[in-house]
Protein chains: 2
Amino acid sequence: MPRAKITEVAREAGVSLSTVSRVMNGNPTVDAALAERVREVAARLGYSANPLARSLVLGRTQTISVVVPDLANPTFQAILRGLSHAASKDGYHVLISDTEERVEDEQEIAVTTRRRTDGVILCAPRLPQDELSALLPAIGPAVVINRPPQPEVPTVSADYGVATAGLIAHLQSLGHRRLAFLSGAVRSASGEARRRAIAAASDADPALEVVEISAGVDFDSGAAAADAVLASGATAALAFNDLVAMGLLSAVTSRGVRVPDDLSIAGFDDIPFSAYTSPPLTTASVPAADLGERAWAAMHALLSGGEPETDVTLAPQIVVRASTAPAAH
Amino acid sequence: MPRAKITEVAREAGVSLSTVSRVMNGNPTVDAALAERVREVAARLGYSANPLARSLVLGRTQTISVVVPDLANPTFQAILRGLSHAASKDGYHVLISDTEERVEDEQEIAVTTRRRTDGVILCAPRLPQDELSALLPAIGPAVVINRPPQPEVPTVSADYGVATAGLIAHLQSLGHRRLAFLSGAVRSASGEARRRAIAAASDADPALEVVEISAGVDFDSGAAAADAVLASGATAALAFNDLVAMGLLSAVTSRGVRVPDDLSIAGFDDIPFSAYTSPPLTTASVPAADLGERAWAAMHALLSGGEPETDVTLAPQIVVRASTAPAAH
DNA sequence: CTGTTAGCGCATTCAA
DNA sequence: TTGAATGCGCTAACAG
């Protein structure tokens, strides 16, 4: 597919290539008739400027990078979808990088991908803060998703703290006093937020007991934690996310434990299927697609010299479904 | 982040920029000692070649485009994941375009994104064949997913025909004689394959009756078709995909119909959640991530002058779970 | 083996 | 208003 170049259009239209360039970029300082002729020729030749050459000379690519830790995770899928949708509405393209949970590669991947784009939107929940701090200046403009506020860099996050508090309050109102918390990824940012909220709730109500059980972030690790949850004597479990909750739900059910009669289970995220488990899952609904959209909005502001909102926080909504019920006495 | 350029490295190392270029590209015709010095300086300055400039001069970007109709669809998510993983292993980046089901924009989106990359992998199940034929030459190298074999262009597909046949055979062996088929997207390629397989099965067994009920491709359209399915008198339903099956399952269950006792339901795809509905869904498991990987393999071959497999077909596997059972007498 | 030169395709000074 | 140069940063002929 040999595409027409600007010189051919210029020659065909009998003008210089600068004139063609001006016309194509809508520069009004071109004689109307001439401009029309150029447009005609360009249309006839199917010409449009080579984006690569344009990128090189203009110093911008109209493309941004999105770095996610795991494309298999429904939450990141939703973030990506919201992001992609919003960016394309503004005429931007999206280059995607899946780090596949290799935290040790995250920095290099981010830096590498950044060189091909105008900025990076980073989902790196497990990257240590000091490394993040070191990375950010190297990849700016950047927007960070689901991390605490960062200096100089806009942040867009769901508030896992209030989500946790809300879920705990819900469980307490149901009479639960002993909770199992399936902590997910070690040292993840949102994990810390959950932990702090739990500590606060414990402080506020001495009758509340929360036993932390370490688990992973996916379905299987939820299932694997079933015995530990059952052994803990908790009447309700707070899972790190819906995937974990579903794994736990599946595993305890197959052990003959009835949910929510014998054990209440709540998750985080409200991924698409959470409404259709049996019983449907009580969860804190994280507006992931919105997160993606807001992240783009911040990036767009950065890219166009505007003032981005610095630290956007979206409050998850507690969605009570059927996996939580009053504590058995 | 002003990055070091090749001229600075050259100056700093006291050599010409071509020497630096040679060293950076591993050209062996450079004196070992000199090369070492250059590498040292490059490392010290944190230099690496600007990919944009490289792309312009080399005529390749090390990036490919993936065009999907809907990023919210688990199947395309899985394809994308497999693709992204495979491509990144080969040092390629992935630019993603979600056409958001706007078939009328698919061609322009594909052409536009193609200009920024070295090729496009196209998921466009609903694009009419004549438009596809017209599009393909304009975006080559291209690989097409889930469409019939195309001239000149490698194709990677799941065989929805054998999947349909397998599911029907399964249902027949269970004693079902009257099936409801929830046809999904009008004029989709895989839809045609399903339809042909149904026709073949009907021809082969006159006792088999299949009533086609038109529905969409998502959960809601499955739910919306519930009444029609129930009214059809079918003892089993074949849904266009798992999403539709789940919608149907949910809706009929809430109407007091027991699945699978009163009605058997089967889907297509085996999306991650299909194993966890209640009852778990019988479905034809489409290896979506593999599809993505194979599509990349074909593209990679195209890009490196190799011979791609022309028409890869992956056979879905019938996964019998609990949503199908013997027909009630 | 190394340096010089010429583009890749375009936007943008600067003159005219 | 238009055209002729210059350069974005790099690779690859071509000489030496």
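Every chain is numbered from 1, with letters handed out A, B, ... down the list of sequences. Keep in mind it's a predicted model, so treat the numbers as computed, not measured.
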Q) CG of A:N27 versus C1' of D:dG3: gap in Å, rounded? A) 14 Å
(Q) So, OP1 or OP2 of D:dG9: does either fall under 4.0 Å of a side-chain N or O from B:R54? (A) no
Q) Should the heavy atoms of other residues, nucleotides or ligands under 6.0 Å from CZ of B:R187 be counted, would the total exceed 12? A) no
Q: Would you confirm whether A:S88, through its side chain, and A:H85, through its main-chain N or O, come within 3.5 Å as a donor-acceptor pair?
A: yes
Q. When you measure from the side chain of A:R22 to the backbone N and O of A:N25, does any donor-acceptor pair fall under 3.5 Å?
A. no
Q) Rounded to whole angstroms, how far apart are CG on A:N50 and C1' on C:dC8? A) 9 Å
Q: Could you check whether A:L34 gets within reach of a base, just the sugar-phosphate, or nothing at all, counting any heavy atom under 4.0 Å?
A: sugar-phosphate
Q: For B:E152, look at atom CD and say whether over 12 heavy atoms of other residues, nucleotides or ligands are found less than 6.0 Å away.
A: no
Q) Under 4.0 Å: is that the gap between some side-chain N or O of A:N25 and OP1 or OP2 of C:dA11? A) yes
(Q) Within the 4.0 Å heavy-atom criterion, would you say B:L56 contacts the bases, only the backbone, or no part of the nucleic acid? (A) base
**Q.** Distance in angstrom units between A:K5 NZ and C:dC10 P, rounded
**A.** 8 Å
Q. Between C:dC10 atom C1' and A:R60 atom CZ, what is the distance in whole Å?
A. 13 Å
Q.
Heavy atoms only, 4.0 Å cut-off, all strands: where does B:V30 land among base, sugar-phosphate and nothing?
A. sugar-phosphate
(Q) Quick check on DNA chain D: between B:R22 and B:S48, whose nearest nucleotide comes earlier from the 5' end? (A) B:S48
Q: Could you check which of D:dC10, C:dC10, D:dT2 has an atom nearest any side-chain atom of A:Y47?
A: C:dC10
Q) Could you give the CG-to-P distance, from A:L17 to D:dG3, as a whole number of Å? A) 10 Å
Q: Quickly work out the A:L58 CG to D:dG7 P distance and round it to whole Å.
A: 17 Å
Q. When you measure from the side chain of B:A49, which nucleotide among D:dA4, D:dC10, D:dC8 comes out closest?
A. D:dC10
(Q) Between C1' on D:dC10 and CD on B:E8, what's the gap in Å once rounded to a whole number? (A) 14 Å
Q) Looking only at N and O atoms, is any donor in the side chain of A:S18 or the base of C:dA11 less than 3.5 Å from an acceptor on the other one? A) no
Q.
Rounded to whole Å, how long is the line connecting atom CD of B:Q62 with atom P of D:dT11?
A. 12 Å
Q: Report the distance from atom CZ of A:F76 to atom CG of A:L71, rounding to the nearest 0.5 Å.
A: 9.5 Å
Q | Nucleotide of D:dT11, C:dA11, D:dT2 approaching A:I6 most closely (side-chain heavy atoms) | A | C:dA11
Q. Within less than 4.0 Å of OP1 or OP2 of D:dT2, is there a side-chain N or O belonging to A:S16?
A. no
(Q) So A:T19, base contact, sugar-phosphate only, or nothing? Heavy-atom distance under 4.0 Å. (A) sugar-phosphate
Q) Between the side chains of B:D118 and B:T61, is a donor N or O closer than 3.5 angstrom to an acceptor N or O? A) yes
Q | Residue met sooner reading DNA chain C from 5', once B:R115 and B:G14 are mapped to nucleotides | A | B:G14
**Q.** Nearest-neighbour nucleotide for the A:D31 side chain, D:dT11, C:dC10, D:dT2 considered
**A.** D:dT2
Q: Please state whether the base of D:dG9 and the side chain of B:R3 form at least one donor-acceptor pair under 3.5 Å?
A: no
